[in-house]
Amino acid sequence: HSCPMVLRIAELTSFGAGASASTHQPNSKFTQQELPACKPILTPKWVISVFLLVGVIFVPIGVASLLASNKVVEIVDRYDDACVPSNVTNKLAYIQNSTISKTCRRTLKVPKDMKQPIFVYYQLNNFYQNHRRYVKSRNDQQLRDASKANETTLCDPEKTRDGMAIVPCGLIAWSTFNDTYTFQHNTNNLSIDKTDISWKSDRDHKFGSDVFPKNFQKGPLIGGKTLNESIPLSEQEDLIVWMRTAALPTFRKLYGRIYVDLKENDTITVTLDNNYNTYSFDGKKSLVLSTSTWLGGKNDFLGLAYLTVGGLCFFLAFAFTLLYLIKPRKLGDNNYLSWNRNSAGH
Amino acid sequence: PGPFRPSRRDQPDPSASERELHEGGEYRAVAVGEPSPEFAGNAVRTAKYSALTFLPRNLFEQFRRLSYVYFLAITVLNQLPQVAVFGRGASVLPLAFVLFVTAVKDAYEDIRRHRSDRRENNRLAAVLAPQTAGEYLPKKWKHIRVGDVVRVASNETLPADMVLLATSDPTGLAHVQTVNLDGETNLKTRYAKQETQLSFSHDGHVAGMLHCERPNRNIYGFQANLEIDGKRVSLGPSNIVLRGCELKNTTWAIGVVVYAGKETKVMLNNSGPPSKRSRLETQLNRETVILSIMLIGMCITASVLAGIWLLNHQRELEFTQFFREKDYTTGKNYNYYGIGMQIFVTFLMAVIVYQVIIPISLYISMELVRLGQAYFMGADNDLYDESSRSRFQCRALNINEDLGQIKYVFSDKTGTLTENKMEFMCASIHGVDYSSGKPACGSSVVVDDLLWTPKMAVRTDPQLLKLLNNDSSNEEAKLVLEFFLALAACNTIVPLVLDTRDPKQKLIDYQGESPDEQALAYAAASYGIVLVERTSGYVVIDVLGDRQRFDILGLHEFDSDRKRMSVIVGCPDKTVKLYVKGADSSMFGIINKSLELDNVRATEAHLHKYSSLGLRTLVVGMRELSQPEFEEWQLAYEKASTAVLGRGNLLRSIAANVECNIHILGASGIEDKLQDGVPEAIESLRQAGMKVWILTGDKQETAISIGYSCKLLTNDMTQIVINNNSKESCKRSLEEALARTKEHRVASSIGSPYPVLASESSGTVLALIVDGNSLVYILETELQEELFKVATECSVVLCCRVAPLQKAGIVALIKNRTDDMTLAIGDGANDVSMIQMADVGVGINGQEGGQAVMASDFSMGQFRFLVPLLLVHGHWNYQRMGYMILYNFYKNATFVLVLFWYVLYTSFTLTTAITEWSSLLYTVLYTSLPTIVVGILDKDLSKSTLLAYPKLYGSGQRNEKYNLNLFVLNMLEALWQSLVVFYIPYFAYRQSTIGMSSLGDLWALASVIVVNMQLAMDIIRWNWIIHVFVWGTIAATVICLFVIDSIWVLPGYGAIYHIMGQGLFWLLLLIIVVTAMVPHFAIKAFSEHFVPSDIQIGREIEKFEALNQVLSVDSYYQ
């Protein structure tokens, strides 16, 4: 087996055979590795300018982000505990008992003026939508294509019901969030717009307009929302929102929008059906009303991070300048070569 | 098999195969003219695969590599449904990619081999048709069989190994060029035996039975005999012509095929190149082990945490929506087997997810980088030898970077430091020194009204010329004549007569394998004793205008034991004379000392004088054989030379018997010129912190004088000479030497706080000179240790009169006791063992043939190329490769850590937010190409700077570009950057509606940009190619992310479009990249400025000196 090896190496390395054949030696800037090149060197001027530049850019961005975040008004109301009657000891049994009415009333106070649109989210804590078992348990072909209704691979353990394929199959669809909210604003009904809460691309391409739910939520264990079998999946926006699985175990999902401006100290009464079971795993449920800015929702982190990094860069620029003034060094000075330094030492 | 035996390689060893023949005792019989099917046919096959076998065999070949098996194991593991992390399609991708690339490469090479095989096999040769009287019909090479008689015309290539039967030359002479075989371009002469030549010229064909040794790899040896007309004729290496050679200057030649196809010597020698592992690659294993431990640690962490989570939530699993233990259609648990099993499965999955931390693709990148580096080394004009038109060649492809870490250079002298173009300078004849050479016009001979002139004229001594021409009756003149006759006859030179432009003039070109002999033959010619013709049976010498024929009755070839050669000549006056020439040590042992003491003494004195001038000396002697003596010798000689087995030994003992009582004629001094630039090159190498040792077979005086002329030795050095004949005296001198080095050390350590080499810090420098005799007692004994201590204290070491194996022994002495890298450079067969022993072996394409080159890792044309090779390319290769390895570790670690942090937020279930396609493409596409291109093209310093400051080479010797500290630093950077890449988006998107795919895209893009920015920050020279690859890769990543998110069947459909539409995404990307890079930038800025490395200073000098020059030129013109 070793025979051809030498041929190969020779072919690869000599690029045109041995001594006799190589009458022509390639000679270009490329082969001599002399292509024109830029060779940047971090001179003190550059170092200090870079640090200063980063600082100068970052601090204003940080301030702007913080301002934007402060402008956001956010109402968070955790209701999972409060919506279980205080005399119930076994919350799991309570929530699983479908015969009990679970309507619950919450009153929210508006801390500051809120400009429309006001986004209504539900927030779950400790719910691992990114759990490996869960995240894979779906079949995207089935969701889009009516002819692939029986395609349920990967949907375990929620594939079939009595031998019939479940549409939409899989744990994600099965566990769709099913608490519902209605709002009253100073005794007037506050209409909530539940359209366009999902991505348009999902409605248009990912969920078929001719795919209807079948055999769904018929099992012994109800995971969540029951779907209307006469509405195609592409219009089941709560499902579509739910099926964009959240990245982190604490997440919000859009429930709807309110197109009314709210005033400071207004009260909002929320009537909610507390159906969704988070009691089995210590999950928390909250209702969130929030305005939005160019930066999205309330989040001070980004602004603080920008300020910190910007400040750090100012500090580094200062430190470098100081050190440079204390211990300046001429660039490209022969005397700093190690062998010259050593001989100067003794 | 002692320590001298080159351990790692299976290289053809000529002496080994010779021994084999003596012991093996089997031979093959070939009937001339009768093709015999029992031996291998002449079809050759270098291709590995056929269309059918390609797939299985190529896969088999590929999976013999450990890294591929690792890939395969991971892929197979991923196919288990319980463990499957990636989808089937995605998981096979990296393995398939690597296999595919390699398979395409192999297929391409194999197609080329197929094509060349087909071309070779279908070439035509004229073959004697059986049962016809001398009719030669064209036959394809592949159909030629052993026993066929083949006729080859001038400039044709020989189809198989053949024994010459007859040639167009009436004396049976043929010339071949063996350039394809061993790289030698000079013509070699081969003979057809007189018996076959005569038989052929009489009846047009030859019949007989040929017995030859079995096929072996020894190009330079062949033993056989031929039974013809009831006579046994012996055949040797000069009677065989080998496949691949070309017939030159001979109209035709006829031979019988003895070895065909894969049994030919050229095919048997077509062995793989030496496989060595570079220092970096060995060190890299240490880091791989560390990374494996990290990998296992991460897997254990993930799986234990997963176990704890399950334990805490055990009772909730059934009703927890995101887990739901049970499958209600079956009523059983789905994919859940209890905590213990779950931990195990998680562990396996973790291995699959995190395996990237061990960068298997690194090995492929390294190969590609080395290939690119090899290309640029080969293309470098500074390594191109104009005179021999030979390029630098990388024969071993895996030790490029070792060239940047060499500490010891072991150099052969003849042909390596010197040109090995010999020039006759002076002669001592019968105790008289003739050394006042004057340029002469040379003498010519008249043959058939044509003027034949030797090609080269030698400076001649007028006194000697006068003596020769005027007075031939004088006793002294007779001796002088004998001296030159010996020079002209006692050799293996073949005079070739070449045409010149003037039709009346011809040139005599002496072709031969030994440059010394050529020089001597030209010298004799210049003094009027012109060798005109040589056949296997006689030589024609024009003695001062009188053409005489001398019969060559026998020839004892030169061998390294006897160190001399002799011929037995039948002179025109019917006397039989023995001419001997050889090294002085071997000659003074066989002379008749009692007779002519004065003569011997004077000659010895002259020899000493010549060798101290740096000349190579040979002693020439003769003896007249009496008739009984001659007959006795002839009987033994004929018997020995027809023996098939043990012929070499027999001939040697006959030679030893007859070479005695020699009468000294004189001695010759031949100048061996230094190659261009050798002293400067040695100076540069020493400046660069390398120790240059010269190992030569020459005499001590010659070696020392060469040492002076190449500036290795200087007058202010203290020489320690070890030249002893017994073990005890060796021991004593070593102890003395050790004491002296200690004195030096003490003296020097007073003044200097550094533990500097004794010889360098004090004013005087030590030089050690050892000779081969002493080495016999030192190497492989307990004295080795002492020698090592002494030698490492000396800055110059010269070893003279060393045998080839001793050369290897000296290299081993250093190699086994230190971690320092050794390089051996040589050009001759005697350097092969040393070249193989050293970490890096360099062969010189010289006069002495191709054996050293064939055994070497790198080959080039001149010694001085060592300077650009080591100082420039070696430095670059080392720095590029070191950086590339560290960078690959770093970039994969960064990515794996980003994946790892996410696992902490998925209840430890190894979900990756980054799509599986992106995770797999990360190593294959997103980050691989820039590092390969940078590994090939980036240069930390320019060629001129590196050559101007040889000490910059020290960075490689001190392992500055790849060491554990740098590795740790890189890992810390990876840790920081992964934290930044992961946690900034984490905190920004906590309690938001962010989806997994969107965040995954951000993480993927951020990691790729950060990792490529790190590379960009470390690139030193930005040329357009590097720009294209670095920015192109980032662009390609974005494109890939878009493409992946445009596939509707994947969960991430549309995610990147969505997230890129938000301002937050861009602000996050900006802060991630800046925050991740701040430490690297700060460390770089602060260290480059306040603790600058030599290379940093060099870069500044390069940049600002050029600037200063431009400025000064500008001001000059203004």
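Order of the sequence lines sets the chain letters (A, B, ...), proteins ahead of strands, with each chain counted from 1.
Proximity of a side-chain donor or acceptor of B/Asn1023 to a complementary backbone N or O of A/Pro36 within less than 3.5 Å is not detected. Under a 3.5 Å cut-off, the side chain of A/Lys39 and the backbone N or O of B/Trp1022 do not form any donor-acceptor pair. For the pair A/Arg244 (side chain) and B/Gly995 (backbone), a donor-acceptor distance under 3.5 Å is absent. Under a 3.5 Å cut-off, the side chain of B/Tyr902 and the backbone N or O of A/Ala247 do form a donor-acceptor pair. Distance alone, capped at 3.5 Å, is enough to place a donor-acceptor pair between the A/Arg329 side chain and the B/His1089 backbone. A/Tyr121 places no side-chain N or O within 3.5 Å of a backbone atom of B/Ser992 that could act as its donor or acceptor partner. Side-chain atoms of B/Arg1021 never come within 3.5 Å of backbone atoms of A/Ala37 as a donor-acceptor pair (strictly under, hydrogens ignored).
When heavy atoms are compared at a cutoff of 4.5 Å, B/Ile984 approaches chain A by way of both its backbone and its side chain. Heavy atoms closer than 4.5 Å to chain B are found in the side chain of A/Val50, but not in its backbone. Both the backbone and the side chain of A/Val47 come within contact range of chain B, judged by heavy atoms closer than 4.5 Å. Neither the backbone nor the side chain of B/Gln1062 comes within less than 4.5 Å of any heavy atom of chain A. If you measure heavy-atom distances from A/Leu154 to chain B, you find no contacts under 4.5 Å at all. Heavy atoms of A/Ile172 lying under 4.5 Å from chain B are absent altogether. No part of B/Ser1093 comes within reach of chain A, as not one of its non-hydrogen atoms sits under 4.5 angstrom from that chain. In this structure, the portions of A/Glu158 lying under 4.5 Å from any heavy atom of chain B include both its backbone and its side chain. Neither the backbone nor the side chain of A/Ser290 comes within contact range of chain B, judged by heavy atoms closer than 4.5 Å. Only the side chain of A/Asn299 comes within contact range of chain B, with heavy atoms under 4.5 Å apart. Heavy atoms closer than 4.5 Å to chain B are found in the backbone of A/Asn126, but not in its side chain. Contacts between A/Lys200 and chain B at a heavy-atom distance below 4.5 Å are absent for every atom of the residue. Heavy-atom distances place both the backbone and the side chain of B/Ala988 under 4.5 Å from chain A. Heavy-atom distances place the side chain of B/Ile1025, and not its backbone, under 4.5 Å from chain A. Only the side chain of B/Val1078 comes within contact range of chain A, with at least one heavy atom under 4.5 Å from a heavy atom of that chain.
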Evaluate salt bridge (Lys or Arg N to Asp or Glu O under 4.0 Å) for A/Glu34 paired with B/Lys943, printing each intermediate quantity in order. CA-CA 9 Å; A/Glu34 295 290 349; B/Lys943 190 178 267 182; 5.2 Å; no
Output, in order, the C-alpha distance, side-chain angles, deciding distance and verdict of side chain to side chain contact (heavy atoms under 4.5 Å, CB included) for B/Arg324 and A/Arg133. CA-CA 9 Å; B/Arg324 214 188 86 178; A/Arg133 258 172 103 84; 5.7 Å; no
Ring pair (Phe, Tyr, Trp, His ring centres under 6.0 Å), that's the test. Do A/Phe320 and B/Phe1090 meet it? Break it down for me. CA-CA 10 Å; A/Phe320 191 87; B/Phe1090 299 110; 5.5 Å; yes
Side chain to side chain contact (heavy atoms under 4.5 Å, CB included) assessment of A/Tyr306 paired with B/Leu1067: CA-CA 9 Å; A/Tyr306 264 96; B/Leu1067 285 185; 3.7 Å; yes
Starting from the C-alpha separation in whole Å, work towards a yes-or-no answer on side chain to side chain contact (heavy atoms under 4.5 Å, CB included) for A/Thr250 and B/Arg990. CA-CA 7 Å; A/Thr250 299; B/Arg990 218 169 25 147; 5.7 Å; no
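Counting heavy-atom pairs closer than 4.5 Å to chain A, the top-ranked of the candidates B/Trp876, B/Trp1048, B/Tyr1053, B/Phe1086 is B/Trp1048. Of the listed residues A/Asp156, A/Leu295, A/Leu302, the one with more heavy-atom pairs under 4.5 angstrom with chain B than any other is A/Asp156. Contacts with chain A were tallied for B/Ile1071, B/Asp385, B/Thr911; B/Ile1071 has the most, counting heavy-atom pairs under 4.5 Å. Across A/Tyr324, A/Tyr279, A/Trp294, A/Trp46, the residue that shares the most heavy-atom pairs under 4.5 angstrom with chain B is A/Tyr324.
For B/Ser907 against A/His131, the heavy-atom pair with the smallest separation is OG-CD2, 2.9 Å. Heavy-atom minimum distance, B/Gln1096 versus A/Ile41: NE2-CG2, 4.2 Å. Contact between A/Asp333 and B/Ile1097 at its shortest, heavy atoms only, is O-CG2, 3.5 Å. Across A/Gln33 and B/Lys939, no two heavy atoms sit closer than the pair O-NZ, 2.7 Å. Nearest heavy-atom pair across A/Leu316 and B/Ala1082 is CD1-CB, 4.4 Å. When all heavy atoms of B/Arg1099 and A/Pro40 are compared, the pair lying nearest together is NH2-O, 3.1 Å.
Proximity of A/Val309 to B/Val1074: side-chain heavy atoms (C-beta onward) are separated by under 4.5 Å at one or more points. Side-chain contact between A/Ser201 and B/His1058 is absent, with no heavy atoms from C-beta onward closer than 4.5 Å. Between A/Phe58 and B/Leu1070 there is a side-chain heavy-atom pair separated by less than 4.5 Å.
Side chains of A/Asn334 and B/Tyr949: a donor on one and an acceptor on the other come within 3.5 Å. Inspection of the B/Thr906 and A/Asn130 side chains reveals no N or O donor paired with an N or O acceptor under 3.5 Å.
Note: A/Thr245 OG1 to B/Met996 CE = 5.0 Å, rounded to the nearest 0.5 Å. In this structure, the separation between CD on A/Gln32 and CG on B/Asp380 is 5.0 Å, given to the nearest 0.5 Å. Atom CG of B/Asp1094 sits about 13.5 Å away from atom OH of A/Tyr336, to the nearest 0.5 Å. Interatomic distance, CZ of A/Phe251 versus CD1 of B/Ile994, reported as 13.5 Å (0.5 Å rounding). Atom CG of B/Leu952 is separated from atom CG of A/Leu337 by 6.5 Å, given to the nearest 0.5 angstrom. A distance of 8.5 Å separates OH in B/Tyr905 from CG in A/Leu248, rounded to the nearest 0.5 Å.
A salt bridge is absent between B/Glu1100 and A/Lys330: the closest approach of a Lys/Arg side-chain nitrogen to an acidic carboxylate oxygen does not fall below 4.0 angstrom.
When each of B/Phe322, B/Phe319, B/Trp309 is paired with A/Phe281, the ring pair (Phe, Tyr, Trp, His ring centres under 6.0 Å) condition holds for B/Phe322 and for no other. Of the options B/Tyr986, B/Phe987, B/Tyr989, a ring pair (Phe, Tyr, Trp, His ring centres under 6.0 Å) to A/Phe301 is made by B/Phe987 and by none of the others.
The aromatic rings of B/Phe376 and A/Phe30 lie perpendicular to each other, with more than 60° between the two planes, well past the 30° mark.
Checked against the 6.0 Å centroid criterion, the rings of B/Phe323 and A/Tyr134 do not qualify as a close aromatic pair. B/Phe1081 has its ring centre less than 6.0 Å from the ring centre of A/Phe51.
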